[in-house]
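Reckoned from all heavy atoms, side chains included, excluding hydrogens, waters and symmetry mates.
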Amino acid sequence: MEKRTYLLLWLVSLFTLSAVAEVYPSPGYMDSYYYYHVAANLARGRGLVEDFVWNYLTALPTGIPQPAHLYWMPLTSLLAAPFLALLGESFRVAQLPFILLASLVPPVAAGLAWHLVRDGRIAISTAFLTLFAGFYFSYWPAIDSFGSFALAATVALVLMDRALRPAGASVPVDRMVLRPWSHSRNGKHQHGHSALLPSAVSGLGTERRGLKIEGRGAPAPPAPSPPSVALPATTSGALAAAVGCGAAITLAHLARADGILLLGVVFLLALTRRPRGHALALALVVAASYLALMWHWLMR
């Protein structure tokens with residue numbers, strides 16, 4: 001898929017989410033207000049503090065202000081604070097980083113779909129399904145963790161797969177392959193229409209090359225080779241992917257508390273890969289990268 005297609009998808013997403021953001025004159029719900037309040041305190045140089053008691057899930061505070069983000073994770077406030085410090089304190093300014101981040105999610109989703117199935121229509125459809133994500137459509141530009149978590153978790157999962165694949169391996173796309181030909185009105189096979197078929201069925205074209213099409217004398221064309229996923233060719237490439245995966249999991253965790261669950265996915269995936277010892281060693285590299293970046297916040 002061409003770069004200009006990704007650019008166009010990003011511009012459509014940016015324009016759409018900017019229009020959606022204009023509908024809301026204020027944060028609108030408690031979580032968003034909380035992130036904005038702490039971001040404003042950061043922009044004023046007061047640090048990560050809050051000027052109210054909003055829940056009693058932690059020890060009863062002795063007074064206010066008190067340390068912020070002992071329950072919610074801090075990335076949203078950290079993203080908004082520099083914009084408030086540079087451009088002035090307002091709700092619209094605080095929205096800017098989240099509109100920009102969320103606008104990147106549809107083209108990233110399109111890129112991942114293209115990487116998997118090499119079908120432009122599926123990739124573009126994926127982008128629009130991501131943008132117009134049902135109930136969450138209006139929340140993409142909110143001062144919240146929707147866009148940041150989506151991007152960080154996606155990058156973590158992609159790097160996770162790259163790190164834990166055997167070096168130099170090339171594998172077919174999942175269990176589905178693209179069949180870029182179909183029946184035309186006159187019964188012949190022509191290019192231009194794509195269909196997804198199980199890989200077990202796709203092999204029939206190569207195993208029965210002499211098979212006749214009913215009512216015609218021409219043999220059925222051989223099935224195309226399934227697209228394959230690009231994988232790291234060296235151990236150093238896998239190591240770099242593992243370190244990057246740990247960094248992406250850190251960002252996902254700083255966006256949402258359940259981002260730490262991605263670490264569990266790393267080790268579950270490692271148990272399914274061969275050689276298992278090599279995969280588990282790379283999973284430990286992912287964990288070490290995560291802990292090196294996250295340790296300070298965990299201690300706080």
Rounded distance (nearest 0.5 Å) linking atom OG of S289 with atom CG of L284: 12.5 Å
Qualifying residue for side chain to side chain contact (heavy atoms under 4.5 Å, CB included) with V105, from L131, T154, T130: T130
Test item: Y35 and P27 side chains (from C-beta on) under 4.5 Å apart, heavy atoms: no
Hphob cluster co-occupancy, M30 + L48, side-chain heavy atoms under 4.5 angstrom: yes
side-chain contact (heavy atoms from CB on, under 4.5 Å) evaluation trace for T76 with D31: CA-CA 10 Å; T76 300; D31 301 19; over 6 Å; no
W114/Y6 under side-chain contact (heavy atoms from CB on, under 4.5 Å): CA gap, chis, key distance, verdict: CA-CA 11 Å; W114 172 257; Y6 292 111; 3.8 Å; yes
For D258, all residues meeting side-chain hydrogen bond (donor to acceptor under 3.5 Å, both in side chains), sequence neighbours excluded: R256
Shortest non-hydrogen contact between M294 and T250, atoms and distance: SD-CG2, 3.9 Å
Non-hydrogen atoms of A81 and A43 that approach each other most closely: O-CB, 3.8 Å
Spatial distance of atom CG (L100) from atom CG (L17) [nearest 0.5 Å]: 10.0 Å
Nearest-0.5 Å distance, CD1 of residue I122 to CG of residue L116: 10.0 Å
Check: L164 and V286 side chains under 4.5 Å, non-hydrogen atoms: no
Whether over 12 other heavy atoms sit under 6.0 Å from R4 CZ: no
Expected output: side-chain R46 to main-chain L42 donor-acceptor under 3.5 Å: no
Working for side-chain contact (heavy atoms from CB on, under 4.5 Å), residues Q95 and F83: CA-CA 9 Å; Q95 282 181 303; F83 286 80; over 6 Å; no
Pairwise side-chain contact, Y290 with H253, heavy-atom cut-off 4.5 Å (strictly under): yes
T16 side chain vs S13 backbone, donor-acceptor pair below 3.5 Å: no
Any S26 side-chain heavy atom under 4.5 Å of Y33 side chain: yes
Nearest-0.5 Å distance that lies between atom CG in L280 and atom CG in L269: 10.5 Å
Heavy-atom side-chain proximity of L9 to P106 below 4.5 angstrom: no
Min side-chain heavy-atom separation I64-E50 under 4.5 Å: no
Which atom of M160 lies closest to which atom of V266, heavy atoms considered: CE-CG2, 3.5 Å
Sequence-distant partners of F137, ring pair (Phe, Tyr, Trp, His ring centres under 6.0 Å), two or more places apart: F132
Nearest atoms (heavy-atom pairs only) where F98 meets P141: CB-O, 4.1 Å
Polar side-chain atom of R162 near backbone of G237 as donor-acceptor pair, under 3.5 Å: no
Smallest separation among heavy atoms of A257 and M73, with atom names: N-CG, 3.4 Å
Any donor-acceptor N/O pair, R118 side chain to H115 backbone, under 3.5 Å: yes
Single-linkage hydrophobic cluster, 4.5 Å side-chain cutoff, W10 and F128 together: yes
Rounded distance [0.5 Å steps], OH in Y36 versus CZ in F91: 8.5 Å
Approximate separation, where rounding is to 0.5 Å, of L7 CG and L14 CG: 10.5 Å
Residues in ring pair (Phe, Tyr, Trp, His ring centres under 6.0 Å) contact with Y139, at least two apart in sequence or another chain: Y29, F135, F146
Least distance between heavy atoms, L84 atom then S90 atom: CD2-O, 3.5 Å
L268 with V285, same ILVMFWY side-chain cluster at under 4.5 Å: no
Side-chain donor or acceptor of T126 paired with backbone N/O of A110 under 3.5 Å: no
Worked verdict on L254 versus L78 for side-chain contact (heavy atoms from CB on, under 4.5 Å): CA-CA 10 Å; L254 288 172; L78 294 175; 5.7 Å; no
Heavy atoms of other groups near W295 CH2, more than 12 under 6.0 Å: no
Shared hydrophobic cluster for I143 and V49 (ILVMFWY, side-chain gaps under 4.5 Å): no
Connected via hydrophobic side-chain network under 4.5 Å: L86 and L79: yes
